[in-house]
Amino acid sequence: MQVLKFGGTSVGSIDRIQNVAAIIDEISQTEKQLAVVVSAMAGETDRLVALYRSLGVSIETREYDLLVASGEQASVALLSAALRKRGKKSTPLLGFQAGFVTDQKHSKAKIQNIETQHIQNLWADGSIPIIAGFQGVDAAGEITTLGRGGSDTSAVALAAALGADVCDIYTDVSGVYTADPRICPEARRIPILSFEECMELASLGAKVLHPRCVELGAKYRIPIRVINTFNRGECTVIKQMDSEDKGLESPVVTALSHDHNMILVTVHKAKNAVQDYARLFGPLSDKGVIIDIISNSAPDAQGFFDLSFSCPKEDIVNVETLLKKFGQEYTVRSGLSKVALVGTGMRTHSGVAARVFRILAEQSIPVFCTSSSEISLTCVVPSELVEKTIQSLHKGFELGNP
Ligand code: ASP
Ligand code: MG
């Protein structure tokens, strides 16, 4: 049993949709229980969002979900038609028809349950289910979407619900790289990656996979393969690593990721960090804002602090609305990006931070704030220096040499 997911570029034109139909046709010769999850055609979701924004009205999330979910509706119908052209039986399904039930947080919904009976019935009938990713239905019968990039999560959630052996994510790159190859030409494909490292990379900005999809893969122990639709020979397998996979010594740093999409908020003259964070973060979490790096300065002579936190740029309106109510002086700094180093080897090796700051100092790259976990170190740098930061860290940690 196998779940395949095809991303937007893979279904970006009628020719490409026919190419995907050929791949499905081929795999279905040996795999009888196949479920296919599809994204909207490349650029389509962006186009729909831009149309909506061009009205200049505030975003009403029920409308928004209804609109953006339509991108996937088109691609499942077209892919099913392309399969029919090849004499293959398939059934296009919207998220709700495939049994995807979510919570009610429009535009950021989480999958609660997948009723797989319909899919099982289609298999019994010899038909391949072609399912719209990124969407579901809430308890009230409203169409919901999972957040941008969410069809990866649809696919892995479905693989978990069906008990599939593997979830194959077909995309336009040959896997996960040591850094974004467009920025860093020396970047290498990583053949096997642990869930843990991949989760860290995805949540720190690597664009290959939706972070929640890796989380689900880890939780249900479903290996995820990232495969290039246009060159199926090479891939990255993301799985629970055993000692054999790791080799004799794991590298200290496995990969770098970056994220342009952040703002740094500083609230000035706070009196009680704990209380103020509680008052700020409660309402932000109700809006689904994901808070990232949190730090506060030491108190000044009068006992005042500065509180800082970072969050995604698209939440700026939510954040500013709340800060205005909060009644405290604040600054919001944009034009910043995160660059993160990730590697399970950091657990057992010292000196990573020293090496990072030495490399950055040599290049005169300023760092606005940092955070770290057991297996990562993140630096916030000016967006215009991201490329330079990545290239020098990639070289400094010798990630280009296997
Ligand atoms: N079509 C949606 C997006 O562009 C979902 C996805 O492709 O994963 O965000
Ligand atoms: Mg995607």
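Order of appearance sets the numbers: ligands from 1, and atoms from 1 within every ligand.
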Measure the spacing between [atom1] of [X] and [atom2] of [Y] and express it to the nearest 0.5 Å.
X    : Y    : atom1 : atom2 : result
L158 : I111 : CG    : CD1   : 8.5 Å
L341 : R355 : CG    : CZ    : 10.0 Å
T178 : I390 : OG1   : CD1   : 10.5 Å

Counting heavy atoms only, which of E72, Q135, H210 comes nearest to atom 1 (N) of ligand 1?
E72
Closest protein heavy atom (residue, atom, distance) for [atom]:
atom                   : value
atom 6 (C) of ligand 1 : S151 OG, 3.0 Å
atom 7 (O) of ligand 1 : S39 OG, 3.0 Å
atom 4 (O) of ligand 1 : R148 NH2, 2.9 Å

K32, NZ: over 12 other non-hydrogen atoms inside 6.0 angstrom:
yes
Taking all heavy atoms of E44 and all of G71, pick out the closest pair and write down the distance.
CG-CA, 3.9 Å
Close approach, G133 and ligand 1, non-hydrogen under 4.0 angstrom
no
is_close_aromatic(F309, Y277), centroid dist under 6.0 Å
no
In ligand 1, which numbered atoms sit nearer than 4.0 Å to a non-hydrogen atom of [X]?
X    : answer
T45  : 1 (N), 2 (C), 3 (C), 4 (O)
G149 : 3 (C), 5 (C), 6 (C), 8 (O), 9 (O)
G150 : 5 (C), 8 (O)

